[in-house]
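Shown next, in structure tokens, is the structure this report addresses.
Atoms within a ligand are numbered from 1 in the order they appear, just like the ligands themselves.
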Amino acid sequence: MTGKRATERLDADDAGIARAVEILRRGGLAAIPTETVYGLAARADDADAVAAIYAAKGRPSFNPLIVHVPDMAAAEALAEWDERARSLAAAFWPGPLTIVLPLCADAGLAPAVTGGLDTIALRCPAHPVMRDVLAGLGTPLAAPSANRSETVSPTQAGHVLATLDGRIDAVLDAGPCERGLESTIVAVERDGGWSVLRPGPIAVGQLAAVTGTAPEDAGGTIRAPGQLARHYAPGKPVRLEAQTARADEFLIGFGEVLGDWSLSPGGDLAEAAARLYAGLHRAAQSGQARIAVAPIPHEGLGTAINDRLKRAAA
Ligand code: AMP
Ligand code: MG
């Protein structure tokens with residue numbers, strides 16, 4: 001299931017959603033909007049469909065995929081849940097939180113979804129279009145970001161087409177994503193510990209308020225295999241913490257540093273997160289040879305934004 005595909009552009013109305021469900025049901029690939037970024041979805045129980053995700057993205061196969069479910073009942077069938085994990089899901093689902101748990105022996109998913117690990121990453125997304133697709137299909141969906149591996153994540157349908165046009169069967173266009181950063185990934189360990197494998201829209205403090213315990217800072221026994229130092233590469237050198245632009249730079253501003261284009265002139269971190277990837281796409285397409293980015297506070301959502309910027313600059 002590799003090679004050239006004609007990519008259908010679908011509106012996110014009833015007809016478009018029905019068409020996406022039909023494509024996915026027969027094992028095809030469709031890019032679907034979520035509140036974080038656009039996901040490249042395929043049936044998680046179909047080995048060929050999952051293999052096609054890895055092929056379309058050019059993604060290394062040791063890098064496991066997040067499995068998306070419509071509700072808690074579907075999630076219970078795939079992983080071994082304990083009370084802490086359930087309280088995290090109750091607090092943040094549907095939403096931008098991915099929970100890594102021990103995989104059920106009889107989950108029935110393609111082994112490649114979990115990269116051969118005995119854990120699974122689960123998320124119940126909030127975006128109404130993704131929720132409609134999951135409900136219409138009735139099987140869990142594997143869905144990494146809908147872009148070629150290592151490139152900047154897509155927060156608009158046009159970003160998806162920029163690297164995947166002709167490699168996937170469809171993209172459902174529902175406009176820009178509200179959060180703009182990939183989900184927070186939390187690992188819940190059998191021994192009672194928990195750790196954040198990837199910072200994201202849900203801050204560590206919000207998680208700790210629910211678990212009642214501090215995270216293990218070194219990370220527990222569960223690792224996130226795909227968190228490569230280099231990721232989100234815009235294809236040009238990136239300089240961080242820039243107050244002013246040098247001659248050949250496109251400066252992405254924030255707050256008082258206005259730059260050529262600002263993530264948020266008012267210094268709002270939620271707005272900056274939502275616009276981050278659009279800014280990197282814009283800078284990549286500009287006439288300047290290099291990209292500079294204004295300082296972003298290293299607190300709250302700024303932690304996740306700086307994590308992505310560090311990888312873009314690596
Ligand atoms: P994404 O590319 O947004 O789909 O994120 C997938 C990332 O989730 C992977 O690169 C891993 O870092 C992490 N992940 C997925 N499954 C697991 C797992 N079973 N254990 C630990 N991390 C996982
Ligand atoms: Mg990605």
Side-chain angles (χ1 to χ4, degrees), residues 29 31-42 44 50 53-54 56-69 75 78-81 85 95-105 107 109-125 127 130 140-155 159-160 162-164 168 177 179-190 193-202 216 219-234 276-277 280-281 304 307-308 311-312 314:
L29 299 179
I32 314 287
T34 80
E35 70 274 23
T36 59
V37 303
Y38 276 71
L40 179 55
V50 170
I53 290 181
Y54 284 96
K57 282 182 65 76
R59 180 174 172 121
S61 55
F62 58 78
N63 189 347
L65 306 175
I66 294 171
V67 174
H68 295 71
V69 291
L78 300 174
E80 289 169 20
W81 288 78
L97 181 70
T98 295
I99 307 177
V100 176
L101 291 168
L103 175 67
C104 277
L109 302 183
V113 167
T114 52
L117 300 172
D118 57 5
T119 53
I120 183 169
L122 289 172
R123 174 170 163 224
C124 176
H127 196 294
M130 180 57 146
L141 283 172
S145 57
N147 57 307
R148 290 283 285 174
S149 195
E150 292 198 358
T151 67
V152 177
S153 296
T155 53
H159 298 161
V160 175
T163 64
L164 294 179
I168 63 177
C177 302
R179 301 292 197 129
L181 286 184
E182 294 82 354
S183 58
T184 302
I185 303 181
V186 60
V188 179
E189 313 267 359
R190 287 180 200 270
W194 63 278
S195 54
V196 172
L197 302 182
R198 177 173 74 188
I202 309 288
E216 296 173 359
T221 56
I222 295 176
R223 304 271 170 235
Q227 299 305 304
L228 307 174
R230 180 186 161 74
H231 203 150
Y232 317 107
L276 177 66
Y277 293 136
L280 288 172
H281 281 283
D307 169 76
R308 305 306 191 273
R311 294 171 204 276

* **ligand 1 versus K57: contacting region, heavy-atom distance under 4.0 Å** => neither
Taking the side chain as every heavy atom from C-beta outward, state whether [X] and [Y] have any pair of such atoms under 4.5 Å apart.
X	Y	value
L78	C104	no
L103	L117	no
N147	V37	no
L109	I120	yes

Interfacing atoms of ligand 1 (cut-off 4.0 Å, heavy-atom, [X]):
X	value
N63	9 (C), 10 (O)
L117	18 (C), 19 (N), 20 (N)
I185	7 (C), 8 (O), 13 (C)
R198	1 (P), 3 (O), 5 (O)
I120	19 (N)
A121	15 (C), 16 (N), 17 (C)
T119	18 (C), 19 (N), 20 (N)

* Consider every N or O of S145 and every N or O of ligand 1, then say whether any pair is closer than 3.5 Å. =>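 No, there is no polar N/O contact under 3.5 Å.
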* To do: Please confirm whether the backbone N or O of H159 pairs with a side-chain atom of Y38, one donor and one acceptor, at under 3.5 Å?
  =>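 Pair absent, no side-chain N/O of Y38 close to backbone of H159.
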* **Main-chain N/O of P96 paired to T36 side chain as donor or acceptor, under 3.5 Å** => no
* Asked: Is there a donor-acceptor contact under 3.5 Å linking the side chains of E182 and S145?
  -> no
* Between R198 and S183, a side-chain donor and acceptor under 3.5 Å ->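 Note: R198 and S183 side chains meet the donor-acceptor criterion.
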Nearest heavy-atom neighbours spanning [X] and [Y]:
X	Y	value
L65	R59	CD2-NE, 3.5 Å
A75	L122	O-CD1, 3.8 Å
R179	P201	NH1-CB, 3.7 Å

* Structure fact -> Counting only protein N/O/S atoms, those under 2.8 Å from the Mg ion (ligand 2) total 1
* Asked: Touching ligand 1 at all, T114? Heavy atoms, strictly under 4.0 Å?
  -> no
